[in-house]
Amino acid sequence: MSLDHVIELLPEINQAFLETLYMVGISLGVAVLIGLPLGVILFVTDKGLFLENGPVKTVVGFIVNMVRSIPFIILLVALIPITQWIVGTTIGPTAASVSLSVAAIPFFARIVETSLREIDKGVIEASVAVGASPWMIIKDVLLPEAKPSIIQGLTLTAISLVAYSAMAGVVGGGGIGDLAIRFGYYRYDNTIMVTTVIVLILFVQILQLAGDRFAKLVDKR
Amino acid sequence: MIEITNLVKKYHSKEKLVTAVDNVSLTVAKGEIFGIVGYSGAGKSSLLRCINLLERPSSGSVKVNGQELTGVPERELRKARVKMGMIFQHFNLISSKTIGENIGFALKAAHYPKKKRKARVNELLQMVGLSDKKDAYPSQLSGGQKQRVGIARSLANEPSVLLCDEATSALDPSTTKSILALLKKINRELGITVILITHEMEVVKEICDRMAIMQDGKIVEQGSVYDIFADPKNELTREFTSSILQFDIPDQALEKVEGTLVKVQFKGTTAGEGVISDMLKQYAVQGNFLHGKIEYIQEIPLGIFVLELKGDPVEIKRAIEYIEERTKQVEVLKGVA
Ligand SMILES: Nc1ncnc2c1ncn2[C@@H]1O[C@H](COP(=O)(O)OP(=O)(O)OP(=O)(O)O)[C@@H](O)[C@H]1O
Ligand SMILES: [Mg+2]
C-alpha cells in the first residue's frame, strides 16, 4: 500500500466523499421532512391518545412496514423507473438519493414514533387537561420532549444511510461505495479499498460523536 | 357546581371488561374542598378523569357550572378544560421547558394574550412562592417545588375547579403539609372548588369539608368529614377513620385491667372530661384513664377516652348508662356492663 498512490487518487476520493455527503444529506432532509410527520402520526393516533384513529394508524403503519421490509438493494432496482421520472436519469448521486430517501422515510418514521413513545404519558395528559390543541401539544410538548432522542435517531439514520449509499455504488450511484467498487473490486486496487474503509469509519465516528454531543446539549432532563 | 349523575366508566381491555366507575352520583358545592378516598384500584382516578373528560364516561352525566360536558365536541371541551385545573401525583411538568415556560404553555393553550403572559407567569410564581425559579428546569426542583409549579400551572387560567389526583402522595410529610396549606389558601382566597383524591385519611382530615369513600367503583359512604370520622357507618370507612383515630393499649396494661374497660367518644363541644368527672362524682365507681386523644377535624374537637371502671357492678352499669345518655358514644371493650 503506497501513500503516493493514495495522494494520486486524492481528487477522486474527495469527489466520492462529497457525493456520499450529498446523497446522505438529501435523503436525511427528505426523511425529516416526511418521516417526522409520519412518525408523529403513528404515535398520536395510538389508542388512548389525543388523536386516536385506528384506520389511519393501520394504513400508515402498513405502508411503513411494507417499505421497510424490502431489502435496499431490491428497492434500488425497483425504483429505477420512478427515479428516471423524478430526476431524469438513473445514475449519479442525485438518482441514488431517490431510493435512499424512500428507504430513510419509514426508517426514521419508526424511530420518531419510538422516541415519542418514551415520553411520560402523564405529561401529555397534563397538556390535554390544560386545554391545549393537538397541534400545540405536538409542537410544544411532544417534539421538545423527544428532541434528544430524535436527534440520536437522526444520527442512527444518517449512519445507516452512509452504509446504504455505499450500496448505491452497485448501480453507479456515485460516492465512496462506487469508488470502492470501481477501483477496489474491478481493478483489485487494495489501497483504494482500505482508504475508502478508513474514510467511512472516520465519517461514521464523527457523525456519532457529533450526534451524541448535540443530543446531550439539548437534553434538559 | 359539579354534578355527577349515574356515572359509569368501563374499560375494555384484552377480553376483560373492567367497570372502574360504577353508577356514581355526586354533587360538590361551589367553594368546597371535597375528598375522595379509597384503596388502589377503587376507581378514584377514573372518576376524577371523567370530570374533565380526560376519560369519556361510558354513561351518565357530568355537569360543571351548569354545563353538561359529556357529548360535548372536542373544541368546546378544550374551552371547558381551561377552566378546570388539574394537578398530578407525579407533577407531569414538561421537562424540556423552564418553569416559566411550563406555566406559559397553559396560558398559550387558553389563548391568553402573548404580551401579558410574562406578567401573569410572574404573578403565579409569586402566588406559589417560587419567583426565583422561573428559569430553572423541572429536573432542578424538589418534589414539593415541582408540585407548586403544577399548582401554578393549574391556576393559570383562573379555573373554577381544581382536580387533584394524589397530589401529595409522592411527597414527604412536611412537604405534604405545606402543599395542603397552599391548596387550602387557594380555596379560601380564590374561592376555587377543590376535588382531591387520596388514599391518606390524614390529607382529608387536614383540609376537606366533605368526603366520599370509594370501593370497587362505587361510593360506599359520603358526608361531612367530621360526621364520617365521628360516626362511620360502612366497614371500609371505619377502616380508614381508624387509621387516624386508632389507639393501641399495650397488652401488659390490658392484662392489669380488673374492672370494666369502656371507650367513650366525645363530639364537638361536649366537654368530655366534664362528663367523666360528673359521672365519677355521682356514682360509687373508680375511674382510671388508659388512653385519651383529641383530634381536631375541621377545627371541631373529636375526643376518644378509654378508661377502666372499678367498683360495684351495679354502680358501673349505671355509670355507663349515664355516659351513654350524655354522649351517645360509649362502648364496653372488656368486662361486664
Ligand atoms: N386505561 C385503562 N384501561 C384499562 N383498565 C383501566 C384503565 N385505567 C384504569 N383501569 C382499571 O380501572 C380500575 C380503577 O382504576 P383507577 O386508576 O381509577 O383506580 P384508583 O382508585 O385511582 O387507584 P390508585 O389509587 O392505584 O391510583 C382498576 O381496576 C384499573 O386496573
Ligand atoms: Mg389513581
Side-chain angles (χ1 to χ4, degrees), chain A residues 36 39-41 43-54 56-57 112 114-154 212-221, chain B residues 11-13 45 48-49 51-56 74-99 101-112 135-140 149-150 153-157 159 161-163 165-166 170:
Chain A
L36 185 71
V40 171
I41 290 172
F43 177 67
V44 298
T45 51
D46 247 4
K47 193 164 159 31
L49 274 170
F50 55 92
L51 286 179
E52 178 175 343
N53 191 325
V56 168
K57 183 170 173 75
V112 169
T114 311
S115 300
L116 294 173
R117 226 168 270 289
E118 283 165 22
I119 300 174
D120 185 352
K121 285 278 188 310
V123 175
I124 300 171
E125 196 171 279
S127 312
V128 175
V130 104
S133 64
W135 171 241
M136 245 182 242
I137 299 175
I138 292 169
K139 188 168 68 76
D140 285 330
V141 182
L142 296 188
L143 294 180
E145 287 291 271
K147 201 150 110 195
S149 170
I150 289 176
I151 289 170
Q152 294 277 18
L154 201 61
D212 286 347
R213 263 283 173 79
F214 192 39
K216 204 161 178 188
L217 201 71
V218 299
D219 197 349
K220 306 292 185 207
R221 277 169 292 181
Chain B
Y11 295 106
H12 305 262
S13 57
S45 297
L48 194 76
R49 294 154 52 82
I51 298 176
N52 63 356
L53 273 280
L54 281 182
E55 298 286 359
R56 291 248 172 210
E74 197 61 32
R75 182 177 285 267
E76 282 295 306
L77 203 52
R78 286 207 287 273
K79 270 191 210 148
R81 280 182 186 138
V82 163
K83 290 296 170 196
M84 285 188 267
M86 190 169 199
I87 56 175
F88 307 84
Q89 177 174 8
H90 298 294
F91 328 118
N92 298 350
L93 302 176
I94 305 165
S95 65
S96 53
K97 287 192 187 313
T98 64
I99 303 314
E101 287 166 350
N102 263 281
I103 301 170
F105 177 68
L107 294 169
K108 189 175 172 186
H111 306 289
Y112 196 87
D135 297 318
Y137 283 92
S139 63
Q140 298 165 321
V149 178
R153 172 174 68 180
S154 73
L155 296 179
N157 299 306
V161 184
L162 184 58
L163 308 172
D165 192 347
E166 304 270 8

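Letters A, B, ... are given to chains in the order of the sequence lines, protein chains preceding strands, and every chain is numbered from 1. Below, each value reflects all heavy atoms present in this structure, side chains not excepted, and no hydrogens, waters or symmetry copies. A quick note: this is a predicted structure, and the numbers were derived from the prediction, not measured.
- Only the side chain of B/Arg49 comes within contact range of chain A, with heavy atoms under 4.5 Å apart.
- Interface remark: B/Leu93 contributes backbone atoms only to the contact with chain A (heavy atom separation under 4.5 Å).
- Residues that satisfy the side chain to side chain donor-acceptor pair (under 3.5 Å) test with B/Ser154, not counting sequence neighbours, are absent from this structure.
- Per-residue heavy-atom pair counts under 4.5 Å with chain B were compared for A/Gly48, A/Pro144, A/Ala129, and the maximum is reached by A/Ala129.
- In terms of non-hydrogen atom pairs under 4.5 Å with chain B, the most contact-rich of A/Val218, A/Val141, A/Asp120 is A/Val141.
- Interface summary for chain A: among B/Phe105, B/Phe88, B/Phe91, the most heavy-atom pairs under 4.5 angstrom belong to B/Phe105.
- Residue pairs meeting the side chain to side chain donor-acceptor pair (under 3.5 Å) criterion with at least one member in residues 128-144 of chain A, sequence neighbours excluded, are A/Asp140-B/Lys108.
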### Message
Please evaluate residues B/Asn102 and B/Tyr137 with respect to the criterion side-chain contact (heavy atoms from CB on, under 4.5 Å), reporting the C-alpha separation (whole Å), side-chain torsions for both, the decisive distance (0.1 Å), and the verdict.
### Response
CA-CA 9 Å; B/Asn102 263 281; B/Tyr137 283 92; over 6 Å; no

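- Salt bridge absent: A/Lys220 and B/Glu101 never bring a charged side-chain N and a carboxylate O closer than 4.0 Å.
- For A/Arg117 and A/Asp46, the salt-bridge test passes: some basic side-chain N is under 4.0 Å from an acidic carboxylate O.
- In this structure, no portion of B/Ala110 lies under 4.5 Å from any heavy atom of chain A.
- Contact annotation for B/Ile94: both backbone and side-chain heavy atoms come within less than 4.5 Å of a heavy atom of chain A.
- Residues A/Glu52 and A/Thr45 bring no donor and acceptor atom of their side chains to less than 3.5 Å of each other.
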